[in-house]
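Lettering of chains follows the sequences in order, A, B, ..., and the numbering in each one begins at 1.
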Protein chains: 2
Amino acid sequence: MTVTLADVAARAQVSPATVSRVLNGNYPVAASTRERVLRAVDELDYVLNGPASALAAATSDLVGILVNDIADPFFGIMASAIQAEICGPGGRAGGERLAVVCNTGGSPERELTYLTLLQRQRAAAVVLTGGAVEYAPHAAAVAAKLRKLTEAGTRVVLCGRPPAPGTDAVALTFDNRGGARRLTEHLLGLGHRRLGYIAGPEERTTTRHRLEGHRAALRAAGVEDDPRWTVHGRYDRQSGHEATLELLRRDPSLTAVVAANDSVALGACAALRESGLRIPEDVSVAGFDDLPFSVDAVPSLTTVRLPLAEAGARAGRIAMGRAEAPPGGVASVQGELMVRGSSGVPRSVGT
Amino acid sequence: MTVTLADVAARAQVSPATVSRVLNGNYPVAASTRERVLRAVDELDYVLNGPASALAAATSDLVGILVNDIADPFFGIMASAIQAEICGPGGRAGGERLAVVCNTGGSPERELTYLTLLQRQRAAAVVLTGGAVEYAPHAAAVAAKLRKLTEAGTRVVLCGRPPAPGTDAVALTFDNRGGARRLTEHLLGLGHRRLGYIAGPEERTTTRHRLEGHRAALRAAGVEDDPRWTVHGRYDRQSGHEATLELLRRDPSLTAVVAANDSVALGACAALRESGLRIPEDVSVAGFDDLPFSVDAVPSLTTVRLPLAEAGARAGRIAMGRAEAPPGGVASVQGELMVRGSSGVPRSVGT
DNA sequence: ACGAGTTCAGCAAGCGCTTTCTACTGCCGA
DNA sequence: TCGGCAGTAGAAAGCGCTTGCTGAACTCGT
C-alpha cells in the first residue's frame, strides 16, 4: 500500500539503513549510492513516515507556537515572523521543520492542553507568545509543564511574555510598563489631566503592566487617578466602543482616552465620534502596539510601536538554536512612542 | 528517564495492553482496573508518546490548516474558526486533536512543502484556505498531493478556495465574482463611470475572480473599462497606497476606486486623502471582505462581507467528519454587499 | 608487500505503542 | 454437572524508522 523505506531500499539495491542515512544526510554515503537512492525515492514518490522516524530518533521536527488569538494581527504578525525564522527563508523541502501555531483563545486550559499535546509530540521547540494569565494555580501548572518540556529536550521561548519563574525558558519580554508610561507622559505633557483608561482583561500580565505604567506616569506627575476613570474589557474594538461610552457616562469631562491596544482605541474613536466628540480637539485617543491599520486611522493613532516582527524573528532564531539566548535568559524589548494625529492639546489648555 | 506505558503498567500491576486500552477507551476494561491505571498515570505524570502511538495505530491526531498569510486577519479569522471547530469548544484534554496552522506566505513551494510535511505526519485532515495560485504546473502538483493525501485517509477541505479538479477535496468556495459584481454595480448605480481597480497579485484565483466580477458589472452596464484603470499589487495597505497614487497619475478624473480587499482599500483612502481628495465627495472607495476594522474606518468602508468565521467553522466540521460535505463536494458561499460611508454619488452627478 | 587507517554499507536491536489472538474466570442454561 | 458464552486481561507480533556496531574493500606509508 504505502511506500516504505524498505521499498526504496529494495529498488535502490541497498539496505534500509543506507536509505535512511541518505535521507538524513548525517553519515558518509558514497555519491553514486546516494544518487541511486535519491532516484529510487523519486521514482517511488516516497514520503518519510514522520511518526516512525520521530519514534526511532526520539525527536521530531515539530515546533509549536502558542498564541492567544490568531485572529488578532498582534499575534498574527509575531507568529508569522517566528514561523518564517523556523522554516527558513526559502521553500526548501529537505530538513524542514513543521512550525505550527496553536490558538489558545486566551483560555488557560487550552494553553495547557496544547502544551501537553506538544509534549506528546516530542516537539523540538515551543514558543509562547503574548501575555500570560496571572491566576496562580494556572501559572504554576504552566511552569511545571515548561519544566517538563525543557527536561525532555524541548527548547522553550517566551515572546512578548513575562519570564516564567522556576523554568529555564528564555524570555523576550515587551516593556509594556515603560511604553505605557511614556505614552501617558506624552498626554500629560500636552496638558491632559483627566485621562480615561480602557484596560484589557483583569488577569493578564499585559493588562496589568500597561496599567501600571499609566498609573506610574500619573503619580509621577502628581495627577489624580480617579478609579472611575479605569474600565476593564477585552482586547477588541467592540470592547473599546462599550468601555468608552461607559467612561463618558461616568465623567463627560475626560479629555483623553488611553486604550489597552490599537483595536480598543479604534473602538473608542468610533464611540467618541458617535457621541459627537472630535478627535483630538475634544478628546485625545492613544493606543498600543502600532498595528498596521493604526497609521491609517483618521486621525492616525498615537500609540506605542512594539517591534512584533523583530521580536518574533529573534524568538524563532533562539528556538532553533540559531541565536544566543540573552544573558540571564531574559531580555526586555522596548516600545517606541509614536506621536500622531489622535493626540493633541486639550481644549481647556488650548484656549 | 521518561515514563512509558510499561512503567504505568508495572505500577498499576497490569499489562501494557490494558493501559493502552484504558487510555484509548475503545475496549472493555473493568472499572476497578481502569481506576487503578488512571491513578498510576496520574502519579507518574505519564504523557503518551505521540509518534509511537501514531506509528502503531497508523493514524495521528494532527490536523493542518494552510493559510497564505497568518498576519492577515482574513486568514486569522478563518483559521481561528476552523481550529475552534476542530479542537472542540472546551479546553478538554482527552481525545484532543492538534490543529496546527501553517503559513505558506503565498509561496507555492512552501505550500507543497507543508503538504508533504503533513502527509509525512499522516495528518488526519488538512484544510487549505484562501486563493490558489493559478500557475498550471503548481496547480497540478498540489492536486497530485491532495490526491495522495486523500488516498492515505486524510480528509481534505478547501475553504475560501476554488475546487481542485481531479481531487476528492471538498470545497467551500467564496463567490468572489458575484460579490465583486454586486459591489461594482452599486457604484455604477450611484453614477460612477470612471472606476479605478486595484487588483491583487496576478496569479491568484481570488484576484482573477474579483476582477472578473468587476468587469462583468461594467460590461453589463455598457461602461468603458480602460485597461489603464486597473493596477495589480499585493493584498496589503502599502500596495493600495502605491497603486492609488499610480491610478491618480494615470487618470486624475477617476471618481471611484475599487480595491482587492479592505487593507488595500485603507491604503487607498490614505493616498487619496494625502492627495487632497475627500471620500466620498471626490472619490468613492470600496473594499472587500469586511474585516473588523473596516467599519471603523473614516468614513466607514463600503465593502463585501465574507462570512469568514462561518465558512471556517463549516470547513472545520467537515474536516472532522462532523458535518456532511455539500452535494457534489462543492458549495458556493455568498458575500453580502455592505454599503457604508465611503461610497457616494460622484461630483459630476451630484451637481 | 604488509599491517594500519579510512570509507562506506549492512545487520540487527530497539524506539513506545496498538491490536490480534489466546487464555482464563465465572456464570448461565440444559 | 458440563458445554458454552460473556467479560476481561495478557502475550506477542509488529508499525517504519534510526543507529551502534561489525566488517568488507580500499588506500597508504614504510
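Between the P atom of D:dA13 and the CG atom of B:L55 lies a distance of 17 Å, rounded to the nearest Å. The nearest whole Å value for the distance from the CD atom in A:Q13 to the P atom in C:dG10 is 10 Å. One can place CZ of B:R34 at 14 Å from P of D:dG7, the figure rounded to the nearest angstrom. For the pair A:R120 CZ and C:dG16 C1', the computed distance is 13 Å after rounding to whole Å. Whole-Å rounding puts the B:N49 CG to D:dC15 C1' distance at 13 Å. As a whole-Å value, the separation of A:E35 CD from C:dC8 C1' is 17 Å.
Remark: side-chain polar atoms of B:T167 are not paired, donor with acceptor, to backbone N or O of B:R147 under 3.5 angstrom. Checking side-chain atoms of A:T205 against main-chain N and O of A:A132 turns up a donor-acceptor pair under 3.5 Å.
Annotation: of the two residues near DNA chain D, B:V29 and A:V47, the 5′-most nearest-nucleotide partner is B:V29.
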Q: Would you mind building the protein contact string for nucleotides 18-27 of chain C? One character per nucleotide, 5' to 3', B for base within reach (heavy atoms under 4.0 Å), S for sugar-phosphate only, - for untouched.
A: BBBB------
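Here the straight-line distance linking atom OH of A:Y114 with atom OG1 of A:T104 works out to 8.5 Å at 0.5 Å rounding. Remark: B:R317 CZ to B:E324 CD distance equals 12.0 Å, nearest 0.5 Å.
With respect to B:E134 and B:R204, no salt bridge is recorded, no charged nitrogen being found less than 4.0 Å from a carboxylate O.
Using modelled atom types and a 3.5 Å distance limit, the side chains of A:Q119 and A:K145 yield a donor-acceptor pair.
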